[in-house]
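Worksheet: one structure, shown below.
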Amino acid sequence: MARLAQTAGLDDVQQEILKTVREFVDKEIIPVATELEHRDEYPQQIVDGLKELGLFGLMIPEEYGGLGESLLTYALCVEEIARGWMSVSGIINTHFIVAYMLKQHGTQEQKDYFLPRMAAGETRGAFSMSEPGLGSDVSAITSKAVKDGEEYVLNGQKMWLTNGGTSSLVAVLVRSDEGHPEGTAPHKSMTTFLVEKEPGFGEVRPGLTIPGKIDKMGYKGVDTTELIMDGLRIPANRVLGGTTGRGFYQMMDGVEVGRVNVAARGCGVAQRAFELGVSYAQQRHTFGKAIAEHQAIQFKLAEMATKVEAAHAMMVNAARKKDSGERNDLEAGMAKYLASEYCKEVVEDAFRIHGGYGFSKEYEIERLYREAPMLLIGEGTAEIQKMIIGRRLLEEYRFQG
């Protein structure tokens, strides 16, 4: 893998960070990932190791105790972690999105209170946008906040929270009609609340319940949950940014960088699938020679490596554009779409190279085969990405008649 998915122009600090993360992945994650995944066990020891490395504060500014690194550095770290086990990158990702939203949109009091704790890994973040009947239609949110004096009362049910049980801070998007007259566009009457809670399941604070983990086909280890609010009282100073009605834009900003993260995860999983496929092809013999010497397998390896390289390049481009301060929804959408689709294809090709053994739980590719589909829907389906891409292209290439 020495020549695939390399990134030009990294400084010495970035290279050292990536070297440290890669060594951690090779030593602490890959040897135990499949066993933990089969048991659906939360990787506490791995998470503790990431905390010691400072990765929970990777993009949090130094003034709050973080490392103050770029989105590119973060995405490249995620790529390495996902190469070891995608679930671990999910634990980091949701925490990172909440920290990013606080950094970009929080009041000074909110930043001072939360960011140092998040940088140290003491406060773990999760964000909650989806609902049971929602899917990709964010405007259809029914969870609601009603103002009551100096507090808001939240009611509703949310779905698909990564880190729902292990987190202690959840950014929750709900409708808030206060101050927004009837007829206001749905996306202008949504607010993000910063909800503190105890880690665990059941009633984690009065009015807030986290049921048990959702049993999933893949993406195991990390806890994915529902969130039920029934008369949950939140003080007004926990409205993200201090003003209602801005939640949709805050969440979309977070999801935009989250899409770069999903692209990075797709790159990492695809890299690992290629590693497994090219290694197995040189060990497995048929008709008197290693299957890697058969032209059909060489063609497959060539296609896999090209997809790994292309997805990585597009992910890096999207991260760098966001770091420059430019709008990157087009590039992030393209990167997420391409990387997730290519990841699925590369994993399937590696699975095919393994033949019957790929169907055995003794081989790592079986786990990757169940994990890759999650990337096709996380942070927006392929269809949503294509809608975003198409609209942005029409803005950029508007016909002048």
Between Asn155 and Lys144, is any pair of side-chain heavy atoms under 4.5 Å apart?
no
NZ of Lys19: more than 12 outside heavy atoms within 6.0 angstrom?
no
Within the structure provided, determine whether Lys336 and Val260 are in side-chain contact (heavy-atom separation under 4.5 Å).
no
Say whether Thr192 and His105, considering side chains only, have a donor N or O and an acceptor N or O under 3.5 Å apart.
no
Is a salt bridge present between Asp323 and Lys321, judged by a nitrogen-to-oxygen distance below 4.0 Å?
no
Would you call Arg259 and Glu256 a salt bridge, using N to O less than 4.0 angstrom?
no
Leu194 and Gln110, any side-chain heavy atoms less than 4.5 Å apart
yes
Separation between CG (Leu301) and NE2 (His294), nearest 0.5 Å, reads 12.0 Å
List the atom pairs, with distances to 0.1 Å, where a side-chain N or O of residues 367-378 and a protein N or O form a donor-acceptor pair under 3.5 Å, not counting sequence neighbours.
residue: Arg367; atom: NE; partner: Thr34; partner atom: OG1; Å: 3.2
residue: Arg367; atom: NH1; partner: Glu371; partner atom: OE1; Å: 3.2
residue: Arg367; atom: NH1; partner: Glu371; partner atom: OE2; Å: 3.4
residue: Arg367; atom: NH2; partner: Gly84; partner atom: O; Å: 3.4
residue: Arg367; atom: NH2; partner: Glu364; partner atom: OE2; Å: 3.2
residue: Arg370; atom: NE; partner: Glu366; partner atom: OE2; Å: 2.7
residue: Arg370; atom: NH1; partner: Glu37; partner atom: OE2; Å: 2.8
residue: Arg370; atom: NH1; partner: Met217; partner atom: O; Å: 2.8
residue: Arg370; atom: NH2; partner: Glu37; partner atom: OE1; Å: 2.8
residue: Arg370; atom: NH2; partner: Glu37; partner atom: OE2; Å: 3.2
residue: Arg370; atom: NH2; partner: Glu366; partner atom: OE1; Å: 3.4
residue: Arg370; atom: NH2; partner: Glu366; partner atom: OE2; Å: 3.4
residue: Glu371; atom: OE2; partner: Trp85; partner atom: NE1; Å: 3.1

So for atom CD, which belongs to Gln108, do other residues, nucleotides or ligands contribute more than 12 heavy atoms lying within a distance under 6.0 Å?
yes
Salt bridge check, Glu41 against Lys220: does any charged N sit closer than 4.0 Å to a carboxylate O?
no
How are the rings of Phe96 and Tyr74 set to each other: parallel, tilted or perpendicular (split at 30° and 60°)?
parallel
Has the side chain of Glu131 got a donor or acceptor atom that lies under 3.5 Å from a matching backbone atom of Ser143?
yes
Between Phe201 and Pro211, the two heavy atoms sitting closest are CD2-O, 3.1 Å
Polar side chain donor-acceptor pair, Gln14 to Thr73, under 3.5 angstrom
yes
Is there a donor-acceptor contact under 3.5 Å from the side chain of Asn93 to the main chain of Val262?
no
Is it the case that more than 12 heavy atoms not belonging to Arg352 sit under 6.0 Å from its CZ atom?
no
Hey, is CG on Asp230 packed in by over 12 heavy atoms from elsewhere, all under 6.0 Å?
no
Output yes when a side-chain donor or acceptor of Glu326 lies under 3.5 Å from a complementary backbone atom of Lys322, and no otherwise.
no
Taking the side chain as every heavy atom from C-beta outward, state whether Ile365 and Tyr280 have any pair of such atoms under 4.5 Å apart.
no
According to salt bridge (Lys or Arg N to Asp or Glu O under 4.0 Å), does anything in residues 108-128 pair up with another residue at least two apart or in another chain? List the pairs.
Glu109-Arg238
Given salt bridge (Lys or Arg N to Asp or Glu O under 4.0 Å), test Glu395 with Arg391 step by step and report yes or no.
CA-CA 6 Å; Glu395 289 177 20; Arg391 288 170 181 170; over 6 Å; no
Side chain to side chain, Thr142 and Arg175, heavy atoms closer than 4.5 Å:
no
Distance check, rounded to the nearest 0.5 Å: Ile388 atom CD1 versus Leu330 atom CG?
10.0 Å
For residues Thr243 and Val239, determine if any side-chain heavy atom of one lies less than 4.5 Å from a side-chain heavy atom of the other.
no
Starting from the C-alpha separation in whole Å, work towards a yes-or-no answer on salt bridge (Lys or Arg N to Asp or Glu O under 4.0 Å) for Glu396 and Arg392.
CA-CA 6 Å; Glu396 296 289 337; Arg392 287 286 288 115; 3.3 Å; yes
Counting only N and O atoms by type, is there a donor-acceptor contact under 3.5 Å from the side chain of His285 to the main-chain atoms of Ile291?
no
Strictly distance-based, threshold 3.5 Å: is any side-chain N or O of Asn163 a donor or acceptor partner for the main-chain N or O of Ala126?
no
Using a 3.5 Å distance criterion without hydrogens, assess whether the side chain of Ser279 forms a donor-acceptor pair with backbone atoms of Leu276.
no
Under the criterion side-chain contact (heavy atoms from CB on, under 4.5 Å), I'd like the reasoning laid out for Val47 against Ile91: C-alpha separation, chi angles, the key distance, then a yes or no.
CA-CA 8 Å; Val47 171; Ile91 293 170; 4.0 Å; yes
Reported CD-to-OG distance for the pair Gln385 and Ser340, which is rounded to 0.5 angstrom:
7.5 Å
Lys/Arg N to Asp/Glu carboxylate O, Lys158 vs Glu226, below 4.0 Å
no
Separation of Leu10 CG from Glu16 CD (nearest 0.5 Å):
12.5 Å
Would Asp329 and Arg327 satisfy side-chain contact (heavy atoms from CB on, under 4.5 Å), going step by step from the backbone distance to the final call?
CA-CA 6 Å; Asp329 53 342; Arg327 181 178 178 182; 3.0 Å; yes
Check: His354 side chain, Ala350 main-chain N or O, donor-acceptor pair, under 3.5 Å:
yes
Does the side chain of Ile81 reach to within under 4.5 Å of the side chain of Val21, using non-hydrogen atoms?
yes
For Gln282 and Val278, indicate whether the former's side chain and the latter's backbone hold a donor-acceptor pair under 3.5 Å.
yes
Taking Arg205 for its side chain and Arg233 for its backbone only, find out whether a donor-acceptor pair lies under 3.5 Å.
yes
Is the side chain of Ser360 donor-acceptor paired with the backbone N or O of Glu362 at a distance under 3.5 Å, no angle test?
yes
Approximate separation, where rounding is to 0.5 Å, of Arg272 CZ and Cys343 SG:
13.5 Å
Side chain to side chain donor-acceptor pair (under 3.5 Å) assessment of Thr191 paired with Thr244
CA-CA 5 Å; Thr191 299; Thr244 61; 4.5 Å; no
For a quick test of reading the model, state the closest non-hydrogen atom pair linking Tyr219 to Ser87 and the distance between them.
C-OG, 3.4 Å
Contact between Leu50 and Phe56 at the side-chain level, heavy atoms closer than 4.5 Å - yes or no?
yes
Below 3.5 Å, can you tabulate the donor-acceptor pairs from side chains in residues 312-319 to any protein atom, sequence neighbours excluded?
residue: His312; atom: ND1; partner: Glu79; partner atom: OE1; Å: 3.3
residue: His312; atom: ND1; partner: Glu79; partner atom: OE2; Å: 2.8
residue: His312; atom: NE2; partner: Ala5; partner atom: O; Å: 3.4
residue: His312; atom: NE2; partner: Gln6; partner atom: O; Å: 3.4
residue: His312; atom: NE2; partner: Thr7; partner atom: OG1; Å: 2.8

Using salt bridge (Lys or Arg N to Asp or Glu O under 4.0 Å), reason through Glu275 and Arg83 one step at a time and then give a plain yes or no.
CA-CA 10 Å; Glu275 290 176 11; Arg83 175 182 153 267; 2.8 Å; yes
Hey, are Lys344 and Asp349 close enough for a salt bridge, meaning a charged N less than 4.0 Å from a carboxylate O?
no
Gap between atom CD of Glu303 and atom CZ of Phe274 - 0.5 Å precision:
12.0 Å
Begin from the C-alpha positions of Ile97 and Met101 and carry the test side-chain contact (heavy atoms from CB on, under 4.5 Å) through to its verdict.
CA-CA 6 Å; Ile97 290 178; Met101 290 169 62; 3.8 Å; yes
